[in-house]
Amino acid sequence: MTFQCGGFLSSFRSYRCGPGSPRSNRGAKRAGTFKKAARCAVVDFLRPRHLPNARLVPCGVRMKDPYETLGVARTATSAEIRKAYRKLAKTLHPDLNPGNAEAEERFKGLSAANEILSDPEKRKRFDAGEIDASGTERPRQPYYKDYAGNNAGANPYENTSGFSDFSGADDIFAEMFRRQGRQSRRMRGHDLNYSLTVDFLDAINGAKKRISLPDGGSLDLTIPAGIEDNKVLRLRGKGAPGGGQGEAGDALVTITVGAHAFFVRKGDDIHLDLPVTIGEAALGARLKVPTPSGAVMVSVPKGSNTGSVLRLKGKGIAHGGIHGDQLVTLRVMLPNKADAALEGFLATWTPEPEYNPRKDMQP
């Protein structure tokens with residue numbers, strides 16, 4: 001690339017030759033037009049490699065800004081954010097809109113926005129552009145300071161002898177080579193990607209974990225409570241070392257949350273199917289029910305049926321001081337083995353005439 005640019009510059013300079021050149025006699029206007037066109041062509045050709053601030057913007061649907069989702073200003077206080085979330089959650093919660101897919105999607109977006117803005121650290125990082133509206137890490141963008149030298153008065157081409165013949169130039173080519181020279185002395189290290197699978201309860205309650213590296217080293221990281229599947233944790237300065245005076249890259253750890261034997265996560269709520277006996281469902285009972293934070297005693301109402309749902313307030317996932325709930329769905333179970341007493345009772349039991357569990361299915 002250096003040889004080609006040099007050759008091009010040589011041709012370019014020969015075009016701008018002195019008064020004695022035949023080309024010079026064709027007029028300064030034509031030379032100026034060629035110079036402008038040549039500069040544009042070289043800048044466009046070299047931009048992806050030599051202008052570090054250039055980047056591609058991916059196509060696709062942009063996630064809605066969390067401030068817009070909650071309908072608050074960027075200067076809103078924590079109390080204002082909490083109040084806005086609770087007001088919208090009361091109208092959009094899936095339990096209040098059964099079968100309404102649009103309301104369910106809006107509630108998911110509302111929960112994601114609240115997760116960002118109710119957490120001071122996440123809100124700060126979102127405002128700084130470090131994470132997007134879904135909470136996913138954004139690739140770190142290089143800034144001018146990453147390429148600028150510490151000694152502003154020094155020759156910008158020292159230690160880059162291949163470009164020293166341009167040190168006195170004041171055109172765009174000198175600027176391109178100046179940036180390349182600085183970059184070669186302050187190259188940031190690459191980011192390194194890792195993956196880690198954590199237990200369901202560790203993801204819900206938070207935990208400390210250690211990753212073993214191929215070179216024998218290790219990384220210690222904190223799993224934040226309530227982390228979702230496929231989220232990425234960034235460990236700054238734990239990536240590949242930089243070149244020269246450049247800083248080290250980051251370690252990006254993708255979290256995979258393992259499945260649980262009986263808990264299922266849906267948004268900020270925990271769902272659980274609870275088996276009960278015929279007697280417990282018919283007569284009511286006090287039962288011990290597991291939750292992610294420990295077992296609690298729950299009252300099963302008399303006359304409960306399969307599909308009846310009990311809500312345990314605040315036993316879901318915590319986000320910014322607001323907890324989801326645990327929804328317990330009852331499942332009436334018959335004994336695994338034949339029960340002569342139960343069979344004898346049912347053989348002589350005569351239900352009320354209006355009792356017909358299939359009445360809504362009559363043709």
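Quick caveat: nothing in here was measured; it's all calculated off a predicted structure. Side chains are part of it too, since the values below use all heavy atoms of this structure and drop only hydrogens, waters and symmetry mates.
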Spell out, as yes or no, whether a donor-acceptor pair under 3.5 Å connects the side chain of [X] to the backbone of [Y].
{"X": "Thr69", "Y": "Ala113", "result": "no"}
{"X": "Asn356", "Y": "Arg358", "result": "yes"}
{"X": "Asp202", "Y": "Gly206", "result": "no"}
{"X": "Ser308", "Y": "Ser304", "result": "no"}
{"X": "Glu280", "Y": "Thr277", "result": "yes"}
{"X": "Asp191", "Y": "Ala251", "result": "no"}
{"X": "Asp325", "Y": "Gly316", "result": "no"}
{"X": "Asn100", "Y": "Ala103", "result": "yes"}

What distance separates [X] [atom1] from [Y] [atom2], expressed to the nearest 0.5 Å?
{"X": "Leu312", "Y": "His323", "atom1": "CG", "atom2": "NE2", "result": "13.5 Å"}
{"X": "Glu228", "Y": "Glu115", "atom1": "CD", "atom2": "CD", "result": "5.0 Å"}
{"X": "Ile270", "Y": "His260", "atom1": "CD1", "atom2": "NE2", "result": "9.0 Å"}

*Derivation and outcome, side chain to side chain contact (heavy atoms under 4.5 Å, CB included), residues Leu235 and Asp250*: CA-CA 6 Å; Leu235 304 180; Asp250 301 335; over 6 Å; no
Please determine whether the number of non-hydrogen atoms from other residues, nucleotides or ligands lying under 6.0 Å from atom [atom1] of [X] exceeds 12.
{"X": "Arg286", "atom1": "CZ", "result": "yes"}
{"X": "Lys231", "atom1": "NZ", "result": "yes"}
{"X": "Glu343", "atom1": "CD", "result": "yes"}
{"X": "Asp215", "atom1": "CG", "result": "yes"}
{"X": "Phe262", "atom1": "CZ", "result": "yes"}
{"X": "Arg106", "atom1": "CZ", "result": "no"}

*Tyr67 vs Phe126 aromatic rings, parallel, tilted or perpendicular, using cut-offs 30° and 60°?*
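Tilted: the ring planes of Tyr67 and Phe126 meet at 30° to 60°.
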*asked:* Any donor-acceptor pair under 3.5 Å linking the side-chain atoms of Thr291 with those of Lys315?
replied: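 There is no such pair between these side chains.
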*Sequence neighbours excluded, which residues qualify as salt bridge (charged side-chain N to carboxylate O under 4.0 Å, His left out) partners of Arg331?*
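Testing Arg331 for salt bridge (charged side-chain N to carboxylate O under 4.0 Å, His left out), a comparison that skips the adjacent residues, returns Asp273.
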*Determine, using the 4.5 Å side-chain heavy-atom cutoff (strictly less than), whether Ile227 and Ile131 are members of one ILVMFWY cluster.*
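In one cluster with Ile227: Ile131, no.
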*So which of Arg236, Arg234, Lys124, Lys122 actually passes salt bridge (charged side-chain N to carboxylate O under 4.0 Å, His left out) with Glu130?*
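For Glu130, the salt bridge (charged side-chain N to carboxylate O under 4.0 Å, His left out) check succeeds only for Arg236.
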*Going by an N to O cut-off under 4.0 Å, is there a salt bridge joining Glu80 and Lys83?*
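Salt bridge absent between Glu80 and Lys83.
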*Looking at His271 versus Phe263, is the centre-to-centre ring distance below 6.0 Å?*
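So the answer is no for these two rings.
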